[in-house]
Number of protein chains: 2
Amino acid sequence: MDSENSGQGRRRAVSRRMGPQNSATSHAILDGAERVLQSRGYGAITSRSVAEESGVKHQLVYYYFKDIDDLLLTAFKRRMDRGIERLQRDAQSDRPVRAIFEDFYNSIDAWLDFEYMALANHHDGVRQEIVRFQTEARAIQIGIIERAYREKGIDPETIPPAALAFLITHVAMALVREEGTGFSAGHDEIRELVDRFFRSLE
Amino acid sequence: MDSENSGQGRRRAVSRRMGPQNSATSHAILDGAERVLQSRGYGAITSRSVAEESGVKHQLVYYYFKDIDDLLLTAFKRRMDRGIERLQRDAQSDRPVRAIFEDFYNSIDAWLDFEYMALANHHDGVRQEIVRFQTEARAIQIGIIERAYREKGIDPETIPPAALAFLITHVAMALVREEGTGFSAGHDEIRELVDRFFRSLE
DNA sequence: GTCTATACACCGATAGAC
DNA sequence: GTCTATCGGTGTATAGAC
């Protein structure tokens, strides 16, 4: 998993013949990879396991992707791009602050995200992609919160927008994660607290 | 990583000869495993990589542990036990609520924990151990918070103890995790908010 | 675009000698 | 308690035919 340059520079630098980036087959392979990630973990991601899950022969993986790291990075970027798109839609909602909370809560796949986070520890491209996503996502969230504060005449000093964005993100994620392990002590109280706060903004 | 029974039932059910659980060598192997986990990820955990990191021959791993799953579970349990011990010490502190926050903040190894969380997705024993830790830890934290509320005459309805325990835990963890990726937007605001709250309890 | 074939490396787990 | 030796299995990445 030690990728020297995947992510920042150019992909595709192998002598062997390779296919296009956006074919139906390459997306099928990405879907298969994410299913393997989800069900068996990044340690189980191999050209063979992904191919089997995608319904193609294992050598095809190397026709569409430079190597396993490239495959994983591409899958992760696709996932993060979709997250940004959802946030942009949330901003259009009539209760946008609540929307970014519910959006995170509903779209997070706790286990899949842990796989990607663990992966990021050893995959420079994925780590850089996480920073890119965090930066963009937080900026969008802060914009939404500042607008809500202005409209309701709320003092931004009480809970600064950046702090609220942080809280919304991580409370939603933590709820999903704990539920994922079958543990939900205190969740009702947290949801009540969150709801009380959102109502004060609406 | 599909462990059928590791964790709940008895370990040790192989015909081959095996060594004691608490020798210096077995702890050296556990330390090595955690270093590999930290530096290269659970996908890189093999009897050979762990042995090399521990300075022993790879076959010794199978003398001290049933298999790789058993090794990983033992390492994780050891780590969680240490966490519980620290929480019990925090309870003795003169500012115990602040102590559980600082404790989490200082003892979390964001990347190592992601490895374990990802591992839990495919390792029943580790998942069960997480639930055990969460249950015990939350109970201790709630006890600490309830005591602080009583001593200061604070209404527990404002922020219920279970909710506060949840927030303290996950805010501390999220700070460490974001810092781990080199992202710290809003952290100053969060720390200020947290500090303001803790001062109101002291 | 997709398949067959293939090189070469690495891992898990065990048996048995010292 | 530690070592040598070894088995069968699986993975990566490529070359080249169809």
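Here is how names work: the chains are called A, B, and so on, in the same order as the sequence lines, proteins then strands, and each is numbered from 1. Since the structure is predicted, the reported quantities are computational estimates derived from the model, not experimental observations.
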Task: Reference residue Phe101(A); test side-chain contact (heavy atoms from CB on, under 4.5 Å); the match among Leu175(A), Asp195(A), Leu167(A) - done: Leu175(A)

Task: 5' priority, DNA chain C, between Thr46(B) and Ser15(B) [closest heavy atom] - done: Thr46(B)

Open item on the list: Using a heavy-atom cut-off of 4.0 Å across all strands, would you classify Arg48(B) as base, sugar-phosphate, or nothing?
Closed with: base

Open item on the list: Looking at Tyr62(A), I'd like to know whether one of its side-chain N or O atoms comes within less than 4.0 Å of OP1 or OP2 on dT14(D).
Closed with: no

- [ ] Decide, yes or no, whether a salt bridge links Arg132(B) with Glu136(B) under the criterion of side-chain N to carboxylate O below 4.0 Å.
- [x] yes

Task: Within residues 86-96 of chain A or reaching into it, pairs that qualify as side-chain hydrogen bond (donor to acceptor under 3.5 Å, both in side chains) - sequence neighbours excluded - done: Arg86(A)-Asp103(A), Arg86(A)-Ser107(A)

- [ ] Grab the CD1-C1' distance between Ile68(A) and dA13(D) for me, whole Å please.
- [x] 10 Å

Report, one pair per line, the protein and nucleotides 2-5 of chain D atoms (nitrogen or oxygen only) whose separation is under 3.5 Å.
{"residue": "dT2(D)", "atom": "OP2", "partner": "Tyr64(B)", "partner atom": "OH", "Å": "2.9"}
{"residue": "dT2(D)", "atom": "O4", "partner": "Arg17(B)", "partner atom": "NH2", "Å": "2.7"}
{"residue": "dA5(D)", "atom": "N6", "partner": "Gln59(B)", "partner atom": "NE2", "Å": "3.0"}

Task: Over-ring placement of Arg177(B) relative to Phe114(B), 6.0 Å and 45° cut-offs - done: yes

Open item on the list: I need the CG-P distance between Asp69(A) and dG11(D), as an integer number of Å.
Closed with: 17 Å

Open item on the list: Can a donor-acceptor pair be found, under 3.5 Å and without considering hydrogens, that links the side chain of His123(A) to the backbone of Asp69(A)?
Closed with: yes

Open item on the list: Can you measure Leu71(B) atom CG to dA13(C) atom P for me and round it to whole angstrom units?
Closed with: 11 Å

Task: Geometric class of the Phe104(A)/Phe133(A) ring pair [parallel <30°, tilted 30-60°, perpendicular >60°] - done: tilted

TODO: Could you label the plane-to-plane angle of the Tyr42(B) and His122(B) rings as parallel, tilted or perpendicular, counting under 30° as parallel and over 60° as perpendicular?
DONE: tilted

Task: Candidates dA13(D), dG1(D), dA15(D) - which lies nearest the side chain of Pro20(B) - done: dG1(D)

Open item on the list: Tell me the interatomic distance from Phe65(A), atom CZ, to dG1(C), atom P, rounded to whole angstroms.
Closed with: 13 Å

Task: Interatomic distance, Arg16(B) CZ vs dG1(D) C1' [rounded to whole Å] - done: 15 Å

TODO: Could you state the atom-to-atom distance from CG of Asp67(A) to C1' of dG11(D) in whole Å?
DONE: 14 Å

Open item on the list: Less than 4.0 angstrom between a side-chain N/O of Ser47(A) and OP1 or OP2 of dG11(D), yes or no?
Closed with: no

- [ ] Take the protein atom CD of Glu53(A) and the nucleotide atom C1' of dG11(D), then report the distance between them rounded to whole Å.
- [x] 18 Å

